[in-house]
Student: 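Pasting in a structure now, in structure tokens, and then I'll have a few things to ask.
Sequential numbering from 1 along the given sequence is applied to the chain's residues. First listed ligand is number 1; within each ligand, the first listed atom is number 1.
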Amino acid sequence: MTVVIVPGRVNLIGDHTDYVGGLAMPCAIDLAVTAEFERADDIALTSDATAEPAVYPLPDLGALAEDATMWHRLVHAVATLLPAARGAHGRLTTTLPIGSGLSSSAACTIALALTMGFAGDKRELVLLAQAAEQRATGVPCGVLDQLAITHGEAGHACVVNAAEIEAHAVPIPAGVAIVVISSGHARALSDTPYAERRREAERAMAEVGGLAGATVADALAIPEPMLRRRARHIITEDERVRAMVEAFAQHDAKRAGELMLASHASLKKDAEVSTKDLDQLVDALSTRRGVYGARLTGAGFGGSAIALVASDTADAIAETFGGRVVVPSAGARVVT
Ligand code: GLA
């Protein structure tokens, strides 16, 4: 029996920037998809998230049924895109809530790739998982989640550079903890304006000649107000990620918290990806003793908020808000 553990992630800062080559600072967490399997000639995999097993012959899987469930779509996409996919009989279980903005889809595709014998480097795994998720869900996701999940280290966040498809770990300052709170609205990104936001962001970046070197003044010179706001979000969010890296290096949790609140305001007003529930959650968190900062995490449109808090207040804050403390953890790994 082989066991693969693939964590989800929270994003501390830098959302709706990866698909235009921006920066982000996520961290892998201690909620994960676990795959347990034996090598076999074909694929027969069950998931605790769905009743139906996914059974496919190899090497020719055959076509995907038109009414295939998301579980089948994910298995089929990974097996089709992975060169020389190997057979496996086993099951996937998850402690990651699905549709909560904690990258359950990316964790699932990466767990499936490792289960089907993926043998390349991290960059190849990131690109394979992104392609499989895009194919299965139809959502034009970036590489943030996959980079966080493959590069996670215990006690660290990752600085993600989406343009370079690169990530490196940076220590999380001592004395701070991360609390995740669900907005109560689980969603599939395919049912949200995510793809529309990506297209708008691409148009906005075309107006300023690309993100590299673009300034807020460039954004403000865009004639169309919506594109101006989108560009301003991306350019200022990238600056905030750089400032966050600096704040962590200086062990300055107060500054990190301020940056998170500014990020949320920008995601709300300029990127327009927040919801009333997320805004209320962030407002309530931000006035609570022990909270340095809070923001929505990931794509928004529902999902979860996170708060950066003083460690000794974390359990009480999690309890008050019905959330949970998550621990920055190691990335995807084969354990046996
Ligand atoms: C989702 C996508 C990522 C990224 C975030 C928003 O998690 O999968 O690629 O775009 O939304 O930052």
Student: Backbone, side chain, both or neither: what part of R9 comes under 4.0 angstrom of ligand 1, heavy atoms only?
Tutor: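 Within the 4.0 Å criterion, R9 contacts ligand 1 through side-chain atoms alone.
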Student: Answer yes or no: is there an ion pair linking E246 with R255, defined by an N-O contact shorter than 4.0 Å?
Tutor: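 Not counted as a salt bridge, because no side-chain N and carboxylate O are separated by less than 4.0 Å.
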Student: Among side-chain atoms of E237 and S263, is any donor-acceptor pair under 3.5 angstrom?
Tutor: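 Looking only at side-chain atoms, S263 and E237 do form a donor-acceptor pair, the distance falling under 3.5 Å.
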Student: Could you tell me which atoms of ligand 1, counted from 1 in the order shown, lie closer than 4.0 angstrom to a heavy atom of A299?
Tutor: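 Matching atoms, with element in brackets: 1 (C), 6 (C), 11 (O).
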Student: Could you tell me whether E133 and ligand 1 have an N or O pair separated by under 3.5 Å?
Tutor: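 There is no such contact.
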Student: Nearest heavy atom to atom 5 (C) of ligand 1: which of V143, L144, V139 does it belong to?
Tutor: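 Nearest option to atom 5 (C) of ligand 1, by heavy atoms: L144.
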Student: May I ask you to list the atoms of ligand 1 that are less than 4.0 angstrom from any heavy atom of D18?
Tutor: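 Going through ligand 1 atom by atom, the ones under 4.0 Å from D18 are 3 (C), 4 (C), 9 (O), 10 (O).
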Student: Which heavy atom of D15 sits nearest to which heavy atom of H233, and what is that distance?
Tutor: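 Minimum heavy-atom contact is O-NE2, 2.8 Å.
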Student: Are R230 and E272 within salt-bridge range, i.e. N to O under 4.0 Å?
Tutor: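 The answer is yes: the pair qualifies as a salt bridge.
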Student: When you compare ligand 1 with Y194, is there at least one nitrogen or oxygen pair between them that comes in under 3.5 angstrom?
Tutor: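 Y194 vs ligand 1: N/O contact under 3.5 Å present.
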Student: If you count the atoms of ligand 1 from 1 in the order shown, which ones are under 4.0 Å from a heavy atom of G298?
Tutor: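 Selected atoms, number and element: 6 (C).
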Student: Would you mind reporting whether E202 and V20 have side-chain heavy atoms less than 4.5 Å apart?
Tutor: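 Yes, their side chains come closer than 4.5 Å.
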Student: One pair to check against salt bridge (Lys or Arg N to Asp or Glu O under 4.0 Å): R203 and E224. What are the steps and the verdict?
Tutor: CA-CA 11 Å; R203 280 175 59 205; E224 194 184 327; 3.3 Å; yes
Student: Quick check: closest heavy atoms across A256 and L308, and the distance to 0.1 Å?
Tutor: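 That would be CB-CD2, 3.8 Å.
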Student: At what distance is the nearest protein heavy atom to atom 6 (C) of ligand 1, and which residue and atom is it?
Tutor: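 The answer is D15 OD1, 3.3 Å.
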Student: To the nearest 0.1 Å, how far is atom 7 (O) of ligand 1 from its closest protein heavy atom, and which atom is that?
Tutor: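 For this ligand atom, the closest protein heavy atom is D145 OD2, 3.0 Å.
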Student: If we only count N/O pairs under 3.5 Å, is Y19 in contact with ligand 1?
Tutor: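 In fact, backbone or side chain, Y19 has no N or O that close.
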Student: Minimum heavy-atom separation for I43 to A79, with atom names?
Tutor: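 Looks like CD1-CB, 3.7 Å.
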Student: Numbering the atoms of ligand 1 from 1, which are under 4.0 Å from a heavy atom of G142?
Tutor: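 Counting atoms of ligand 1 from 1, those under 4.0 Å from G142 are 9 (O).
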